[in-house]
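Read the structure below first, then the notes.
Everything quoted here is computed from the prediction, not taken from an experiment. The figures here come from the full heavy-atom set of this structure, side chains too, leaving out hydrogens, waters and symmetry mates.
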Amino acid sequence: MDPLSPPPKSGAEAESRLAEVGASPQAAAAAQVAQADAEQSKRLVRRYRARYCTPHVKVPGELVLTLDSLSFVPDDSHSHVRYFGFDTYQVYIQAQDVLECGAVNLPLEGHSDAQGNTRVLFFLQMHLRTLDGRTYRSENESSEDAWRVVFRLRSRDELHEAVGQIIDASDAAASSASVPELAASTVSVETSHRTSVPFASLDCMAELDAITIQLRRQEAEAASIVPSVPATLSPLTSSQAALDVSSMAPAVAAATAAASAAARRFSAASTSLPVFKEWGSFLAGPSAAAIASTSSAPPAHCAGSPSPRRRQRIGEDGGFSPARSSGSPARLESVTLNPGSIAAEQALLSQVLAECILDYLPVSLRLPGTIEWVLRYTPKAHGVSLATLYRNVADRDNTILIVQDSESRVFGGFAPAAWEPKGKFYGSGEAFVFSFSCLADPGALPEVQLYPWTSANSFIMYSDSDLFAMGGGDGRHALAIRNDLLHGLSSPTKTFGNPTLAASEEFVVKDLEVWALEEVDTDG
């Protein structure tokens with residue numbers, strides 16, 4: 001990429017002009033503006049076309065790197081930007097707030113570029129110590145637990161160049177902060193420009209997962225289009241027509257094979273994948289009619305939260321409940337359950353329920369033959385003890401909590417971090433909570449209502465000696481279990497946008513299990 005064009009006027013030229021026209025107030029102001037523009041242009045390093053990866057939409061725009069900051073300017077022609085406002089997706093990050101920065105190259109299996117090589121996605125991932133320049137991570141916390149921001153770039157060269165410059169800028173900011181004189185001069189310049197990130201991102205693997213799902217949907221839609229035979233052509237038998245279609249469009253045959261795999265997850269109904277967009281009007285984005293009738297100014301409620309009036313719900317609860325085809329669906333992946341010392345039929349989590357959850361886990365946990373679900377805690381086998389629960393799942397970063405209340409409602413959540421009595425909120429945006437329906441009918445397939453992280457707050461997981469919980473805000477939890485492991489709470493939360501998962505907000509625990517998703521040991 002070529003460097004930016006040099007500014008038309010330098011600071012020296014501005015001073016020369018000031019000397020020529022005299023020291024009038026108007027001339028002085030004009031010279032100061034020209035000098036400020038010149039200094040700003042000097043600080044500009046590179047511009048890259050990129051996509052800002054928020055949890056709900058990937059916004060195109062321009063990534064601008066300077067010697068001491070990074071900013072993202074969203075493309076104002078994008079539907080979300082036009083409807084929700086330019087500022088909603090604008091990002092500004094000071095170099096001193098970058099803890100880590102890395103280049104992540106992820107192959108997109110099964111998809112090739114024009115040269116026949118496996119397509120690769122290029123992600124710039126940063127860990128930040130603040131999202132707003134006011135609230136900061138503790139110095140004692142690991143950088144891996146810091147807020148994450150991800151941008152997708154167009155090429156490997158641009159990615160590595162951008163990462164190198166961000167690291168250099170971050171190192172320079174850290175060095176200047178260690179020198180009092182430089183630190184003072186740095187603070188005095190543009191103190192109003194604080195880091196401002198509207199949405200923290202999921203990790204790159206989650207982004208890859210989302211792109212894979214989108215491509216599968218497109219392949220399924222392409223395969224569902226059957227070319228018709230023009231009336232002017234001579235009649236063909238069905239087998240001849242099939243052969244002609246395959247020869248005329250080889251991609252159709254390949255797409256059909258891919259669609260047969262995609263259909264294992266998605267119903268043939270037209271609403272099979274767009275249910276991702278039913279998480280709320282903000283996640284769904286504006287409709288075509290809304291875009292057409294919207295002025296350049298965003299509505300007043302669009303400062304980061306969806307309007308309840310535009311919220312469209314799936315079923316009764318409004319959760320992510322994908323349509324399922326009749327019969328027992330074939331799958332690309334399957335779950336390997338290890339119930340340990342109890343019989344499989346005694347476990348609350350059955351094979352059918354596990355496979356309902358499987359589709360929504362990070363892609364690294366769905367690779368066939370690499371992950372085993374191990375029952376690490378249940379009162380049926382390990383006794384009623386919260387301390388035992390913490391001990392049994394120590395260092396298990398990915399767990400499924402599943403609970404049954406006294407009214408036989410079954411619900412739970414996916415915890416992407418290890419449960420331990422920290423006494424504070426933690427976790428990442430890969431977490432979600434869920435509930436099952438149709439369990440009372442033995443002849444019906446169970447349906448899962450899933451509620452992913454909304455990014456409204458970071459109250460994802462909480463645990464101490466008194467309880468462990470998922471979701472939070474206003475003193476409520478999406479799911480909380482007290483230390484007696486007999487009583488629990490479930491309320492609507494902003495964290496996941498969920499309703500009450502149990503039969504009532506206060507419930508009695510009938511059964512409880514914690515399953516760890518562990519890598520299969522292939523050395524034995």
Given 3.5 Å as the limit, does a donor-acceptor pair link the side chain of [X] with the main chain of [Y], or not?
X    : Y    : result
R129 : Q96  : yes
E513 : L349 : yes
D474 : R476 : no
T378 : A381 : no
E420 : A394 : no
S490 : L501 : yes
S69  : I93  : no
N498 : V433 : no
Y360 : P452 : no
S170 : V98  : yes

Would you give the length of the straight line joining atom [atom1] of [X] to atom [atom2] of [Y], rounded to the nearest 0.5 angstrom?
X    : Y    : atom1 : atom2 : result
K58  : C53  : NZ    : SG    : 5.5 Å
D97  : L128 : CG    : CG    : 7.0 Å
L63  : L124 : CG    : CG    : 7.0 Å
I402 : W515 : CD1   : CH2   : 9.0 Å
L479 : L401 : CG    : CG    : 5.5 Å
I481 : L389 : CD1   : CG    : 10.0 Å

[X] and [Y]: side chain donor to acceptor below 3.5 Å:
X    : Y    : answer
R82  : S79  : no
N483 : S465 : no
T130 : D132 : yes
Y426 : S463 : yes

May I ask you to decide if the ring planes of [X] and [Y] are parallel, tilted or perpendicular, using 30° and 60° as cut-offs?
X    : Y    : value
H80  : Y89  : perpendicular
Y390 : F468 : perpendicular
F432 : F434 : tilted
H477 : F425 : tilted

Quick one, [X] and [Y] - any side-chain contact, counting heavy atoms below 4.5 Å?
X    : Y    : answer
E518 : R396 : yes
I357 : L353 : no
T336 : W373 : no
Q346 : P339 : no
V197 : Y52  : yes
E519 : I371 : yes
E506 : L489 : yes

(message) Taking CD in E505 as the centre, count heavy atoms belonging to other residues, nucleotides or ligands within less than 6.0 Å. Is the count above 12?
(response)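 Yes, because the 6.0 Å sphere around CD of E505 holds more than 12 heavy atoms from other groups.
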
(message) Counting neighbours of CD on E62 that are heavy atoms of other residues, nucleotides or ligands and sit closer than 6.0 Å, is the number greater than 12?
(response) yes

(message) Would L467 and Y462 count as a side-chain contact (heavy atoms from CB on, under 4.5 Å) here? Give the steps.
(response) CA-CA 8 Å; L467 60 78; Y462 181 89; 3.8 Å; yes

(request) Please determine if D511 and K380 form a salt bridge, counting it only when a charged side-chain N lies under 4.0 Å from a carboxylate O. (result)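 Salt bridge present between D511 and K380.
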
(request) Return the set of residues passing ring-ring contact (aromatic ring centres under 6.0 Å, His included) with F122 (not counting sequence neighbours), or none when no residue passes. (result) none

